[in-house]
**Student:** 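Got a structure for you, questions after.
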Amino acid sequence: MAEAIAQAGGWIPFDDFMRMALYEPGLGYYANDRSKFGVMPEEGSDFVTAPELSPVFGELVAAQVQDAFAHTQTSEVWEFGAGTGALAEQLLSTLGPACTRYTIVDVSGSLRLRQQERLARFGGQVQWADSLPAQMQGVVVGNEVLDAMPVKLLLRQQGVWQERGVVVASADGDDIRFGWAERPTSLRPPVEPELPQEAEYLTEIHPQGEAFVATLADRISRGAVLLIDYGFGESEYYHPQRHMGTLVCHHLHQVDSDPLVLVGLKDITAHVNFTGIAVAAQDAGMDVLGYTSQAHFLINCGLAAKLDQLEVIARSKAAKLMMEHEMGEFFKAILLSKGVAPWDPAGFVQGDRMHRL
């Protein structure tokens, strides 16, 4: 990292730092062998995802995938950032032969080994890919993928926008400390915060996440894209009260806001601007079919009936998927389509929030 900063002239934009901290081969957070996903810190994990919390999550997502299969007349799933393979296992088990091929696109070699072991029983139904083909059909699924894509940091001071980057603050042998530094920029957030010009305001923009959606739109000839993540619509994202941005780190189930320490040993994420995702999709020729909270999405897909079938402990875990103070309101779901006539998707029949994008 320090070498890359030196080669760049002593300063790199934060999105370059975040990319290396998360994905640098052998060293980045998602490229090393440390445990990451789990319920308890005693396991060496840093955070829990919905499919790790309860298998009900994948069973309900499968209902939306089946709905999308029917309307797109496809039978393939492409999953990005599959983690331990928990969601893939749940989807494959629920979809059965309706899914003719399940392709996982994951940049982490260590996670791929865990996925292959977990999904071995599905044989040739599951494949892995390092990149997308020129053309594809099917249903793309991404749970907590967008939040891990590098973001740019913008800081407004005295009415002037600057891009925040990273420098080497000090170096004593292997003891390297990183620091912040800003440079002039023409970049701007899509919404100017309604604060006095002298008020300091730090936020993020998401060119890589939006480019990812545009790439999907370019490659998909017929299909749908389901993305579930934590975030907001644009007006909430760039609200005056969110003056310190949304960037956070996860380590041993603790949250902090300093990505410059324990580099490569903790997760770095930012909330998703779902308006930006929707606009990027539409600009690239996709339709936005629905946007809602995770709670409404899962309830629409049959969560209530599932809860009635569970024992007390399993029901308690599954209920966290929809509780407002847990994952239910914090996370959102968005469904995009390409090459097919728009339809009313199963997971968005009630509680749709398209008007809040």
Side-chain angles (χ1 to χ4, degrees), residues 50-51 54-82 86-105 122 125-126 136-146 213 216-217 219-229 274 277-278 281-282 285-309 318 321-322 327-328 331-355 357:
S54 171
V56 167
F57 180 78
E59 295 168 5
L60 296 173
V61 170
Q64 180 57 73
V65 173
Q66 287 176 313
D67 176 58
F69 277 169
H71 286 87
T72 61
Q73 297 183 321
T74 61
S75 60
E76 294 185 35
V77 172
W78 296 75
E79 184 185 358
F80 284 80
L87 179 56
E89 182 179 41
Q90 293 157 17
L91 288 175
L92 285 160
S93 298
T94 307
L95 293 170
C99 176
T100 57
R101 183 164 61 182
Y102 196 107
T103 304
I104 292 174
V105 185
F122 297 101
Q125 191 178 5
V126 187
M136 56 190 286
Q137 296 183 354
V139 179
V140 172
V141 176
N143 181 59
E144 293 198 49
V145 170
L146 294 173
V213 171
L216 288 178
R219 304 296 177 87
I220 294 173
S221 57
R222 187 173 74 251
V225 179
L226 175 64
L227 300 170
I228 302 174
D229 223 313
F274 278 102
I277 295 302
Q282 290 180 324
M286 301 185 87
D287 291 309
V288 181
L289 302 186
Y291 168 68
T292 193
S293 67
Q294 178 173 292
H296 274 113
F297 173 77
L298 295 178
I299 290 169
N300 289 335
C301 289
L303 178 59
K306 285 284 186 183
L307 291 178
D308 290 341
Q309 300 168 8
L321 299 172
M322 70 168 184
M327 291 183 170
F331 283 72
K332 311 296 192 307
I334 191 168
L335 186 69
L336 317 170
S337 70
K338 172 79 180 297
V340 296
W343 76 95
D344 293 326
F348 302 85
V349 292
Q350 293 183 351
D352 190 82
R353 299 187 183 183
M354 294 271 281
H355 61 286
L357 285 173

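Nothing here was measured: the structure is a model prediction, and the numbers come from that model. Worth knowing before you read on, the calculation uses all heavy atoms, side chains too, and leaves out hydrogens, waters and symmetry mates.
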**Student:** Are E144 and F331 side-chain neighbours, meaning at least one heavy-atom pair lies under 4.5 Å?
**Tutor:** yes
**Student:** Measuring from atom CG of L335 to atom CZ of F297, what distance do you get when rounded to the nearest 0.5 angstrom?
**Tutor:** 7.5 Å
**Student:** Between atom CD of Q64 and atom CG of D67, what is the distance when rounded to the nearest 0.5 Å?
**Tutor:** 4.5 Å
**Student:** With a 4.5 Å cut-off on side-chain heavy atoms, are T103 and M136 touching?
**Tutor:** no
**Student:** Do you know which two heavy atoms are closest between A63 and C301, and how far apart they sit?
**Tutor:** CB-O, 4.0 Å
**Student:** If you look at every heavy atom in G347 and T292, which pair is closest and at what distance?
**Tutor:** O-CG2, 4.1 Å
**Student:** For I104 and A82, which heavy atoms make the closest approach, and how far apart are they?
**Tutor:** CG2-CB, 3.6 Å
**Student:** So which heavy atom on A318 is nearest to which on L307, and how close?
**Tutor:** CB-CD2, 3.6 Å
**Student:** Considering residues, nucleotides and ligands other than Q73, do more than 12 of their heavy atoms fall under 6.0 Å from its CD?
**Tutor:** no
**Student:** From L146 CG over to L227 CG, what is the distance, rounded to the nearest 0.5 angstrom?
**Tutor:** 5.0 Å
**Student:** Looking at CG of D344 and CG of D352, how far apart are the two atoms once the value is rounded to the nearest 0.5 Å?
**Tutor:** 9.5 Å
**Student:** Does the side-chain contact (heavy atoms from CB on, under 4.5 Å) test come out yes or no for V225 and V213, once each step is laid out?
**Tutor:** CA-CA 9 Å; V225 179; V213 171; over 6 Å; no
**Student:** Working to the nearest 0.5 Å, report the span between CG of L289 and CD1 of I334.
**Tutor:** 9.5 Å
**Student:** Under 3.5 Å, side chain of Q125 to main-chain N/O of C99, donor-acceptor pair present?
**Tutor:** yes
**Student:** Which atom pairs, one a donor and one an acceptor, fall under 3.5 Å between side chains of residues 88-98 and the rest of the protein, sequence neighbours left out?
**Tutor:**
residue : atom : partner : partner atom : Å
E89     : OE1  : R118    : NE           : 2.9
E89     : OE1  : R118    : NH2          : 3.3
Q90     : OE1  : G58     : N            : 2.9
Q90     : NE2  : P51     : O            : 2.9
Q90     : NE2  : A86     : O            : 3.4
S93     : OG   : E89     : O            : 2.8
S93     : OG   : R121    : NH2          : 3.2
T94     : OG1  : Q90     : O            : 2.8

**Student:** Looking at every non-hydrogen atom in both residues, tell me the closest pair between Q137 and W78 and how far apart they are.
**Tutor:** O-NE1, 3.4 Å
**Student:** With rounding to the nearest 0.5 angstrom, report the CD1 to CE distance, I220 to M286.
**Tutor:** 4.5 Å
**Student:** Determine whether the aromatic ring centres of Y291 and F274 lie less than 6.0 Å apart.
**Tutor:** yes
**Student:** Please enumerate all residues that pass salt bridge (charged side-chain N to carboxylate O under 4.0 Å, His left out) together with R353, with sequence neighbours excluded.
**Tutor:** E329
**Student:** What residues, two or more places apart in sequence or in another chain, satisfy side-chain contact (heavy atoms from CB on, under 4.5 Å) together with V340?
**Tutor:** T72, R222, S337, W343
**Student:** Work out which heavy atom in L321 is nearest to a heavy atom in A50; give both atom names and the distance.
**Tutor:** CD2-CB, 3.6 Å
